[in-house]
A.B. asks: 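If you scroll down you'll find the structure; I have some questions about it.
So that the names make sense, note that chain A is the first sequence line, chain B the second, and so on, each numbered from 1.
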Amino acid sequence: MEDNSKEQGISLSDILFIIKKRLIGIIVIVLLFVGFGVVYSFAFNKTAFQADSCLYVLYKDNTNDTTGPNISDINYGRLAPKTLTDSLLNDPNVWKKIEKVATEANNKLPEEERIEVPDYLKIGKSIGASYDDKLESLMFIITYRGATQKEVLLMINACCEGLIGISEDSRDLNGKATGPLGYFLISRAGGYEVSLDEVYVVSQSKKTIILIAGCLGVVVGIAYAFIRELTNQRIASRAALEDLTDIKVIGVIPEFVDKGGRKNG
Amino acid sequence: MAKKTQKHAYVIFDDTTSIQSEAYQKLQINLDYASIDEKYRVISCISPTKGEGKTTTLVNLANIYSLKGFKCIIIDLDLRAPQDHKFFNLVNDKGITDYLSNKASKEEVIHQVKEHLSIITSGSTTPFPSKVIESKKLKDLIEELKGEYDYIFIDTSPVLLFGDAVVISTFVDAFLLVVAMNITRKSELKEALKMVETSHINVVGTVLTHADNKARKYKYSYGYGYRYNNTNN
């Protein structure tokens, strides 16, 4: 009379059934997320600009030789960019130096081209730095992100000049490098100058934001369906009924809906 | 409480090939299997609350028995919310309360609605339904009807709302516990089961109503790590 099959766990059809059962809820959640995505992309997703620059790191005992890395420099190739990257990302004194350089550069500009130089804390948040340790490169990339193209152009150059200045400031009277940063000489990569054209837009496109919101909505929607199912306080299945009582289920009556939409069970 | 007040269709499934009718036929067969040792002739359906398909199940089960040639009678003892007469488009003017208060004769309150199916509706409303159900005259009537009918089906009030089921359990042979899918709360069922156990009501089986056809496979497997195995039945 009854189904005698013995199967374990949740099958794909069970999952599909749960999703189908809560489909309206899932669709509502997806639409809500897409709605939030649309609102966010239009109202809050302000355009941001970014520029990258490249610096060489040299370890020099002979400070007069600044032509490029020599054989002994290679030994420090791995250490130098890492130390400087850490300093750039974490040392407020480095940010203050950059702020000072930026302010001086800004003051030299014609008044109509000047920007409001960010304070050192904001500079710290806007800076990014990376290096390729696998290649033992002596080069590291410095990145600056800001609200306007002019700001980014000024600040990326200030960052580079500031770092170069730090290494130069660290030399003693005999020209020998001193202090933690002083062991390194930093120079801009040959011929690499950041121009206004190289400042690019980095804010995410509206389509991407809406797409991500939609995908998140699907994930949250499905999670909602399963949570609802697991926390359902009503008898949702024959198994649920059998789980609550030892009395045998001797009848299962399908729901009947007549033409007038009236239910009978 | 029931999930919501639903528009209710008072339908008797006479088409024996319909899915619903087949489900009631299956229920009737299972009930017969359950009563192999001891024949249940006075049958009632109970449910934790209202709107779970108790009356529909009772009426359609009685109909199936009558279609198989058994002489059946339905007595509507759900005096607080009588519904049974609506299934047969009867006017509920003279019924069990009128008979028990000597306002009508037995013949006047028994309505033959089909070849082998009769019904005694609830009748005039009474302010003391419990008194009516507890009356000796009712018990005597049941005994009398046992001599005239093969099966007596008694409709009653929800067990969590009223204690009528406990009272009628003195003359009912078997109860079916009706549970509605996605309507009956687990807590309500647990409470009803506790009540059934403490009152020693003889529930011979449960009936799951409002079952979602799409949930047929799902109902066996989801959430419990096993599928129902009925080989021990």
A.B. asks: Side chain, backbone, both or neither: which part of Val203(B) has a non-hydrogen atom closer than 4.5 Å to chain A?
C.D. replies: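 Contact with chain A involves both backbone and side-chain atoms of Val203(B).
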A.B. asks: Could you report the tightest heavy-atom contact between Arg238(A) and Met181(B), atom names first, then the distance?
C.D. replies: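 Result for this residue pair: N-CE, 4.4 Å.
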A.B. asks: Once rounded to the nearest 0.5 Å, what's the spacing between atom OG1 of Thr56(B) and atom CD1 of Ile253(A)?
C.D. replies: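 Output value for this atom pair is 10.0 Å.
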A.B. asks: Around atom CD of Glu116(A), are there more than 12 heavy atoms of other residues, nucleotides or ligands at under 6.0 Å?
C.D. replies: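 Result for CD/Glu116(A): open.
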A.B. asks: For Lys122(A), is the NZ atom crowded, meaning more than 12 foreign heavy atoms sit under 6.0 Å from it?
C.D. replies: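 Open.
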A.B. asks: Within this structure, what is the CD1-CG distance for the pair Ile247(A) and Leu193(B), rounded to the nearest 0.5 Å?
C.D. replies: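 Going from the CD1 atom of Ile247(A) to the CG atom of Leu193(B) covers 5.5 Å.
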A.B. asks: Take a 6.0 Å sphere around CD1 of Ile24(A) and say whether it holds more than 12 heavy atoms from other residues, nucleotides or ligands.
C.D. replies: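 Not more than 12 within 6.0 Å, no.
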A.B. asks: Grab the two heavy atoms, one from Lys186(B) and one from Ile235(A), that are nearest each other, plus how far apart they are.
C.D. replies: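 The answer is CG-CD1, 3.7 Å.
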A.B. asks: Rounded to the nearest 0.5 Å, how far does CG of Leu189(B) lie from CG of Asp243(A)?
C.D. replies: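 So the gap between those two atoms works out to 11.0 Å.
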A.B. asks: Which heavy atom of Ala211(B) sits nearest to which heavy atom of Val252(A), and what is that distance?
C.D. replies: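 Minimum heavy-atom separation between Ala211(B) and Val252(A): CB-CG1, 3.5 Å.
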A.B. asks: Near Phe36(A) CZ, under 6.0 Å, is it more than 12 heavy atoms from other residues, nucleotides or ligands?
C.D. replies: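 Counting neighbours around CZ of Phe36(A), 12 or fewer heavy atoms of other residues, nucleotides or ligands fall under 6.0 Å, so no.
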A.B. asks: Let me confirm one number: the CD1-CG distance from Ile250(A) to Leu176(B), rounded to the nearest 0.5 Å.
C.D. replies: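 Going from the CD1 atom of Ile250(A) to the CG atom of Leu176(B) covers 5.0 Å.
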A.B. asks: How close do Leu208(B) and Ser237(A) get, heavy atom to heavy atom, and via which atoms?
C.D. replies: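 Closest approach of Leu208(B) to Ser237(A), heavy atoms only: CD2-C, 4.2 Å.
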A.B. asks: With rounding to the nearest 0.5 angstrom, report the NZ to CG distance, Lys21(A) to Asn182(B).
C.D. replies: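 Reported to 0.5 Å precision, the distance equals 4.5 Å.
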